[in-house]
**Q** 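Structure below; questions to follow.
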Amino acid sequence: MKRLLILHAGQTELGPVYALAQAALAGAQTEAVDAQLLRALDAGLAELLAADALLFVTPEKFGYMAGALKDFFDRTFYPAQGRVEGRPYALIVAAGNDGSGAATAVERICRGYPLKPVAEPLIVRGPADPAALQAAHDIGQGLAGGLVLGVF
């Protein structure tokens, strides 16, 4: 069974980041994929190495990713070197501004692992409305489908 790790850097389970992560999780749920949703602060190298694909969901903080996601990258980057090359990933940014700084920062770090982007970043500006939640659902579904079909 393939494993999709969804990491969210939301501070609570009430905000848009968690809602977007939950929508992606709902889209990814299939009998052939073990989709796991974790807070970025609760995940480490073991979870990263066990994942066949990754989805990062972060708020934009001061034009950058959330510190919780940066902390995950800081803790796993060097120990993961040579062990996760080419694994597919996607990104969702809940933006209060334009979201481009957060997306660029995550993309730059992911190139260093190196992970393989398989979707354009979804940048949600403003509240997580039904259209944004559907888009997050679709990203989760696409990642799961790609794993099942062996596309990545």
Side-chain angles (χ1 to χ4, degrees), residues 3-28 35-49 51-147 151-152:
R3 179 172 290 165
L4 170 61
L5 177 59
I6 302 171
L7 292 181
H8 78 89
Q11 293 181 340
T12 71
E13 294 183 357
L14 301 175
V17 172
Y18 188 73
L20 292 163
Q22 282 287 112
L25 177 65
Q36 182 181 22
L37 174 61
L38 290 175
R39 292 176 59 232
L41 291 173
D42 295 334
L45 183 63
E47 290 78 15
L48 174 60
L49 295 178
D52 296 298
L54 302 136
L55 175 58
F56 303 110
V57 187
T58 184
E60 176 188 49
K61 299 286 187 178
F62 307 108
Y64 196 68
M65 74 184 90
L69 184 57
K70 178 64 166 66
D71 174 73
F72 170 80
F73 290 141
D74 287 343
R75 289 182 288 111
T76 63
F77 185 80
Y78 288 111
Q81 290 300 287
R83 301 167 78 181
V84 296
E85 291 180 19
R87 291 193 190 171
Y89 85 92
L91 171 65
I92 300 173
V93 177
N97 192 358
D98 71 359
S100 64
T104 299
V106 171
E107 290 170 330
R108 184 178 302 125
I109 290 170
C110 287
R111 277 193 304 272
Y113 273 87
L115 303 174
K116 176 183 173 185
V118 295
E120 289 294 318
L122 170 61
I123 298 176
V124 177
R125 295 173 183 93
D129 61 16
L133 294 173
Q134 182 62 51
H137 179 277
D138 294 348
I139 286 178
Q141 190 173 46
L143 282 169
L147 284 173
V151 174
F152 306 130

**Q** With rounding to the nearest 0.5 Å, note down the distance linking CZ in Phe152 to CG in Leu147.
**A** 6.0 Å
**Q** Is atom CZ of Phe77 surrounded by more than 12 heavy atoms (other residues, nucleotides or ligands) closer than 6.0 Å?
**A** yes
**Q** Any idea which heavy atoms bring Ala144 and Ala28 closest together, and the distance?
**A** CB-O, 3.5 Å
**Q** Report yes if the side chains of Leu115 and Phe56 come closer than 4.5 Å at any heavy-atom pair, otherwise no.
**A** yes
**Q** Quick check for you: to the nearest 0.5 Å, what is the distance between Ile109 atom CD1 and Lys70 atom NZ?
**A** 5.5 Å
**Q** With side-chain contact (heavy atoms from CB on, under 4.5 Å) as the criterion, how do Leu37 and Gln22 come out once you've worked through the C-alpha distance, each side chain's angles and the decisive distance to 0.1 Å?
**A** CA-CA 8 Å; Leu37 174 61; Gln22 282 287 112; 2.9 Å; yes
**Q** As a quick check of understanding, evaluate side-chain contact (heavy atoms from CB on, under 4.5 Å) for Leu54 and Leu48, giving each step before the final call.
**A** CA-CA 8 Å; Leu54 302 136; Leu48 174 60; 3.7 Å; yes
**Q** Look up atom NE2 in His137 and atom CG in Leu133, then write down how far apart they are to the nearest 0.5 Å.
**A** 10.5 Å
**Q** Can you give me the closest heavy-atom contact between Val93 and Ala102, atom names plus distance?
**A** CG1-CB, 3.9 Å
**Q** Arg39 and Tyr18: side-chain contact (heavy atoms from CB on, under 4.5 Å), yes or no, with the steps?
**A** CA-CA 9 Å; Arg39 292 176 59 232; Tyr18 188 73; over 6 Å; no
**Q** Looking only at heavy atoms, what is the nearest atom pair of Ala66 and Thr58, with distance?
**A** N-OG1, 3.0 Å
**Q** Using a cut-off of 6.0 Å, state whether more than 12 heavy atoms not belonging to Gln11 lie near its atom CD.
**A** no
**Q** Are the side chain of Glu60 and the backbone of Asn97 linked by a donor-acceptor contact shorter than 3.5 Å?
**A** yes
**Q** Take Leu5 and Leu55 through the side-chain contact (heavy atoms from CB on, under 4.5 Å) test and state the conclusion after the steps.
**A** CA-CA 6 Å; Leu5 177 59; Leu55 175 58; over 6 Å; no
**Q** Identify the heavy atoms of Val17 and His8 that sit nearest to each other, and give their distance.
**A** CG1-CB, 4.1 Å
**Q** Shortest non-hydrogen contact from Tyr113 to Gln81?
**A** O-NE2, 3.7 Å
**Q** For Ile139, which of Val118, Leu91, Ile92 qualifies under side chain to side chain contact (heavy atoms under 4.5 Å, CB included)?
**A** Ile92
**Q** Identify the heavy atoms of Pro59 and Ala9 that sit nearest to each other, and give their distance.
**A** CD-O, 3.5 Å
**Q** Got a second to check how far Leu69's CG is from Asp74's CG, nearest 0.5 Å?
**A** 9.5 Å
**Q** So, do Arg87 and Lys116 sit near enough that their side-chain heavy atoms are less than 4.5 Å apart?
**A** no
**Q** How many angstroms lie between CD in Glu107 and CD in Glu120, if you round to the nearest 0.5 Å?
**A** 7.5 Å
**Q** Give, for atom CG of Leu7 and atom CD of Glu47, the distance between the pair rounded to the nearest 0.5 Å.
**A** 8.5 Å
